[in-house]
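Below is one structure, written out as structure tokens; the observations come after it.
Counting begins at 1 with the first residue of the sequence. This is a predicted model, so every value here is computed, not measured.
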Amino acid sequence: MSPSASSPGLADPTLLDPFTRKPESSSSGTAHPGQELLQVVIETPRGSRNKYSFDPDERVFRLKAALPAGMVFPYDFGFIPRSIGGDGDPLDILVLMEEPAFPGCVLLVRLLGVMEAEQVEHADTDHPETQRNDRLIGVAETAQIYANFDQIDAIPVQMRTEIEQFFSNYHQLQGKRSRTLAWSDTPAARDLISEALLRYKNKP
């Protein structure tokens, strides 16, 4: 079912433009006026045990899963509008900032790079399925602690290891295996976004 103007749900954030520019009149945040930024829709905020996901048919945010006690999302987790990633879902992005947002919040984000990864479903069967599940990495334009992060190498090795371990454990709970292929800089991330926007544009 496609959402219609009469749908009782929320406005559809998947239809937002994926890129915008910081207004020339803006004096807040760390980006320069006129700088191109990503628009990111947050689904699951930092520190949450609950995994939320936007349902584009009903136009609501649904509770998709709950993590075990002691396990929480390390940073805000969202998606890029008008995109389809290698797994068939909107392209994922992890956003670094000091305080959590909330499901449905739209952030302006500076792109740092991408954690290229693959996951294996049905790993313990005779028919395992491997697919890409890359996660873009960005910094909220309003972030202060991470304001000087301008490339993927600015993220400390320990922080990257913790992010990898989180997703490894997260997928293991779903009966999947995941493997990080590389941490790549902004050009590789932009290539992934271009491919994801093209998939969305050409979808049936």
Original post:
In Å, rounded to the nearest 0.5 Å, how long is the span from CG of L38 to CG of L16?
Top reply: 12.0 Å

Subject >> Shared hydrophobic cluster for L94 and I155 (ILVMFWY, side-chain gaps under 4.5 Å) >> reply: yes

Identify all side-chain donor-acceptor contacts of residues 65-73 below 3.5 Å with residues at least two apart in sequence or on another chain.
none

**OP:** Taking all non-hydrogen atoms of both residues into account, name the closest pair between I152 and D185 and its distance.
**Re:** N-OD1, 3.3 Å

**OP:** Answer yes or no: is there a donor N or O on one side and an acceptor on the other, between the side chain of S194 and the main chain of R190, under 3.5 Å?
**Re:** yes

Run the side-chain donor-acceptor check on residues 96-115: report pairs under 3.5 Å with partners two or more places apart or on a different chain.
residue	atom	partner	partner atom	Å
E98	OE1	Q144	N	3.4
E98	OE2	Q144	N	2.7
E98	OE2	I145	N	2.3
R110	NH1	F149	O	2.8
R110	NH2	A147	O	3.1
R110	NH2	F149	O	3.3

Subject >> Check: Q39 and L37 side chains under 4.5 Å, non-hydrogen atoms >> reply: no

Original post:
Hey, is R59 close enough to D12 for a salt bridge, meaning N to O under 4.0 Å?
Top reply: no

Original post:
Where do L91 and S83 come nearest, in terms of heavy atoms and distance?
Top reply: N-OG, 2.9 Å

**OP:** State the CZ-CD distance between R160 and Q158, to the nearest 0.5 angstrom.
**Re:** 11.0 Å

Subject >> Minimum heavy-atom distance P18-R82, with the two atoms named >> reply: CD-CD, 4.1 Å

**OP:** Would you check if the side chain of S48 reaches a backbone N or O of T44 as a donor-acceptor pair within less than 3.5 Å?
**Re:** no

Original post:
By side-chain contact (heavy atoms from CB on, under 4.5 Å), which residues pair with T130, not counting sequence neighbours?
Top reply: E118, V120

**OP:** With sequence neighbours excluded, give me every ring-ring contact (aromatic ring centres under 6.0 Å, His included) pair touching residues 10-55.
**Re:** F54-F61

Subject >> Set of residues satisfying side-chain contact (heavy atoms from CB on, under 4.5 Å) with respect to A117, sequence neighbours excluded >> reply: none

**OP:** Determine, for D76 against R46, whether the closest basic-nitrogen to carboxylate-oxygen distance falls under 4.0 angstrom.
**Re:** no

Original post:
Side-chain contact, heavy-atom cut-off 4.5 Å: T14 with F79?
Top reply: yes

Original post:
Under a 4.5 Å cut-off applied to non-hydrogen side-chain atoms, are S53 and E43 in contact?
Top reply: yes

**OP:** May I ask whether V139 and I93 are part of the same hydrophobic cluster, defined by side-chain heavy atoms of I, L, V, M, F, W, Y residues being less than 4.5 angstrom apart, directly or through others?
**Re:** no

Subject >> CD1 on I137 to CD on Q151, rounded to 0.5 Å >> reply: 14.0 Å

**OP:** Calculate, to the nearest 0.5 Å, the distance between atoms CD and CD belonging to E129 and Q119 respectively.
**Re:** 10.5 Å

Original post:
Is the side chain of K22 donor-acceptor paired with the backbone N or O of Q35 at a distance under 3.5 Å, no angle test?
Top reply: no

Subject >> Rounded distance (nearest 0.5 Å) linking atom CD of E164 with atom CZ of R135 >> reply: 11.5 Å

Original post:
How far does OG of S168 sit from CD1 of I163, to the nearest 0.5 angstrom?
Top reply: 13.5 Å

Original post:
Do the side chains of L63 and K51 get nearer than 4.5 Å, heavy atoms only?
Top reply: no

**OP:** Report yes if the side chains of K176 and Q172 come closer than 4.5 Å at any heavy-atom pair, otherwise no.
**Re:** no

Original post:
If we ignore angles and hydrogens, is there a donor and acceptor under 3.5 Å between the side chains of D87 and Q131?
Top reply: no

Original post:
Is the shortest side-chain N to carboxylate O distance from E116 to R132 below 4.0 Å?
Top reply: yes

Can you list, pair by pair, the side-chain donor-acceptor contacts under 3.5 Å of residues 195-204, counting residues two or more places apart and other chains?
residue	atom	partner	partner atom	Å
R199	NH1	I84	O	2.7
N202	ND2	L198	O	3.4

Original post:
Just wondering, do S28 and T142 contact through their side chains at under 4.5 Å, heavy atoms?
Top reply: no

Original post:
Is there a donor-acceptor pair under 3.5 Å between the side chain of E141 and the backbone N or O of T30?
Top reply: yes

Original post:
Any idea how Y146 and Y75 line up, ring-wise: parallel (<30°), tilted (30 to 60°), or perpendicular (>60°)?
Top reply: perpendicular

**OP:** Using a 4.5 Å cut-off on heavy atoms from C-beta on, say whether the side chain of D92 contacts that of L136.
**Re:** no

